[in-house]
Participant: 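Questions regarding the structure given below will be posed in turn.
Order of the sequence lines fixes the chain letters, A, B, ..., with proteins taken first and strands second; residue numbering starts at 1 for each chain.
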Number of protein chains: 2
Amino acid sequence: MLGVRKAWVLYTPEINEETKTLIEQSLAQRRMLLLIGKCRVEYQGRATSRLDAGDRLIIVKQDHSLLVHRPIGHEAVNWQLSGCVFRVSIEEGALVVTSIHQRPHELVKICFDQLHLAVILNLKDQAEFTLHATEEDMQKAILLEPSILEDGFTPVSYEKKVEPGFVDIYGVDSEGRFAVVEIKRKAAGRNAVLQLSRYVKTLREGANREVRGILAAPEIAKGCQRLLESLKLSFKPLNPQKCASILQRTKTLSLTDFLETHQ
Amino acid sequence: MLGVRKAWVLYTPEINEETKTLIEQSLAQRRMLLLIGKCRVEYQGRATSRLDAGDRLIIVKQDHSLLVHRPIGHEAVNWQLSGCVFRVSIEEGALVVTSIHQRPHELVKICFDQLHLAVILNLKDQAEFTLHATEEDMQKAILLEPSILEDGFTPVSYEKKVEPGFVDIYGVDSEGRFAVVEIKRKAAGRNAVLQLSRYVKTLREGANREVRGILAAPEIAKGCQRLLESLKLSFKPLNPQKCASILQRTKTLSLTDFLETHQ
DNA sequence: TGCTAAATCTCGAAC
DNA sequence: GTTCGAGGTTTAGCA
């Protein structure tokens, strides 16, 4: 019944059977649905929350995820993950939208005392999203160009299982010593140092020979410099943006450029 | 110039000076602004991202935070924290909304090739939000009713500084032994066990006497039971929802009830 | 202001 | 399915 338009708008819709049916239809047809109005919100699931009456924006997406947004604050005050089942009803003059999610079992109940606006959207979006300068980019950059970590460093493997987890990069330094590399895209704190230390300890005991630990991060938290030194670990300043630019350069290099750089 | 209505709607607005001016005014007046249309999005800041053309919902809130939502996926694909400065312009027939944030310095640029809908909202929401069954609720419940942890347990202090952090609760058990309690609201993993172990170690060395470690959580991860036992730590199953109900009960108790319960 | 830990964290990958 | 760690994490609480 709804045509090919991108958006249908109901301005100050009454809370009645007609409005209820339209909302039910837009949910059944997997449209994106915006409801703006004065409402109360309850949540029960992993935790429990309550929010008294106020004006909010409610978003139901095509994957049946739910967002409740207040006029301020960048995060949603209540939400529901993809795959909800919705029930719409009218109770004591209020339009009630209930969303139920399984695994984890959670319920969000929204009671609208007033509806200011209802919008039904038919959006198309197939584009791909790309993100750069992540910790994974830093890891790739070191593997592609190990000299940014240390002259003479040669990666041997990465994501290697070492109790109590996985080391980011594992290799050999210019003097033939084993070296474990822990990468952080932000300032490395106490936990990063302790984690690296645990890896070094495990590998030392396993290999029964010297193993270096190298922490690669933009900076190291002030109090942790001493801890790092006392544990005989190294620190190498490394910026995620610089790593991203190395990947970009490598990606855009022609074959000739590549051969020149690596001859 | 905009009156007291809750919502103004521009249906398929043209990309021209008039639309640009209206958007600029709604930003200047700190309205909540929704823009729905076909757009491209770029982000530069702590990382870098790119998203090609597609239909999206853009939200600018009254605190000048920004959200870019795709038709599916519960999380925003791009966002900007509260306190942005916006610039609106028309470039090569596209409406360009640029948001700039300081500290961290970040930029989100949205280029609309088409606008399906623009909504300007004047929302009022003063209600308070309450959340229950958090880790803090669990801590409070144990302090109020220590027997849920262990018969005869007596809390001495909480949030006590013990390297390398703060212990959740610190007390004495029925046999007079010191006990450190580590609380987790979800299944406790290896890290929780290791952290508790570090606290116990520090306190043992400091006090030079026996110190027990008690891990209170809904459950313990499978592989960690052995680790817990080898470190001679205890585990007490404890549910956040149950703790919340204890707090609720305590809160709603009359003075008479309280005296009866604690006589 | 800076740091630390929790979160209805979410998400993805690996086992 | 479970577990584990990254994230433009964000946010709240303190030193």
Side-chain angles (χ1 to χ4, degrees), chain A residues 41-49 65-68 73-82 99 101 103-108 129-139 159-161 163-168 182-192 195 219 221-224 240-241 244, chain B residues 41-50 65-66 68 73-82 101 103-108 129 131-139 159 161 163-168 182-192 195 219-224 240-241 244:
Chain A
V41 188
E42 281 170 46
Y43 157 72
Q44 284 179 56
R46 285 168 289 182
T48 300
S49 78
S65 54
L66 170 79
L67 297 167
V68 181
H74 125 276
E75 290 200 316
V77 64
N78 283 110
W79 67 94
Q80 201 71 289
L81 298 181
S82 170
S99 80
H101 193 273
R103 218 206 297 306
H105 186 68
E106 305 195 276
L107 179 148
V108 172
F129 177 73
T130 54
L131 180 68
H132 302 290
T134 63
E135 188 174 304
E136 193 186 353
D137 285 333
M138 294 178 74
Q139 189 185 28
E159 302 295 335
K160 183 182 168 68
K161 176 87 180 135
E163 286 305 330
F166 293 83
V167 297
D168 291 322
E182 176 70 24
I183 302 168
K184 291 290 165 201
R185 66 183 302 286
K186 292 190 295 186
R190 192 180 281 117
N191 284 342
Q195 188 172 7
E219 54 179 323
K222 273 172 296 189
C224 301
Q241 300 282 359
Chain B
V41 188
E42 281 171 46
Y43 156 71
Q44 284 179 56
R46 285 168 290 182
T48 299
S49 79
R50 190 186 161 73
S65 55
L66 170 79
V68 180
H74 126 275
E75 290 199 316
V77 65
N78 282 110
W79 67 92
Q80 200 71 287
L81 298 180
S82 170
H101 192 274
R103 218 213 261 334
H105 186 67
E106 306 196 274
L107 178 149
V108 173
F129 177 73
L131 180 69
H132 303 290
T134 63
E135 190 174 303
E136 193 186 351
D137 285 333
M138 295 179 73
Q139 189 187 28
E159 303 293 336
K161 177 87 180 134
E163 286 305 330
F166 292 83
V167 297
D168 292 323
E182 175 70 22
I183 302 168
K184 290 290 164 199
R185 65 184 303 285
K186 294 192 293 187
R190 192 180 283 116
N191 284 341
Q195 188 172 6
E219 54 179 324
I220 184 158
K222 274 172 296 192
C224 302
Q241 299 283 358

Participant: Taking the nucleotide of DNA chain D with the closest heavy atom to each, which residue, A:Ile183 or B:Ile220, is nearer the 5' end?
Facilitator: B:Ile220
Participant: Write down the distance between CD (A:Glu135) and C1' (D:dG8), rounded to a whole number of angstrom.
Facilitator: 14 Å
Participant: For every nucleotide of nucleotides 8-15 of chain C, 5' to 3': is a protein heavy atom under 4.0 Å from its base (B), only from its sugar-phosphate (S), or from neither (-)?
Facilitator: BSSS----
Participant: Determine: side-chain N/O of A:Arg190 to OP1/OP2 of C:dA5, distance under 4.0 Å, yes or no.
Facilitator: no
Participant: D:dA6, C:dA6, D:dT2: which one has an atom nearest the side-chain heavy atoms of B:Lys222?
Facilitator: D:dT2
Participant: Roughly how far apart, to the nearest Å, are C:dT10 and C:dA6 at atom C1'?
Facilitator: 14 Å
Participant: Would you measure the distance from the P atom in D:dC4 across to the matching atom in D:dG8 and give it in whole Å?
Facilitator: 22 Å
Participant: Would you indicate, yes or no, if D:dG5 has its OP1 or OP2 atom less than 4.0 angstrom from a side-chain nitrogen or oxygen of B:Asn191?
Facilitator: yes
Participant: Say you pick atom P in D:dG5 and the same atom in C:dA5; how far apart are they, in whole Å?
Facilitator: 16 Å
Participant: Rounded to whole Å, please give me the gap between CG in B:Asp137 and C1' in D:dA12.
Facilitator: 15 Å
Participant: Would you call A:Ser82 and B:His74 a side-chain contact if the rule is heavy atoms closer than 4.5 Å?
Facilitator: no
Participant: Which residue is it: A:Arg185, A:His132, A:Gln241? I am looking for the one with a side-chain contact (heavy atoms from CB on, under 4.5 Å) to A:Asp137.
Facilitator: A:His132
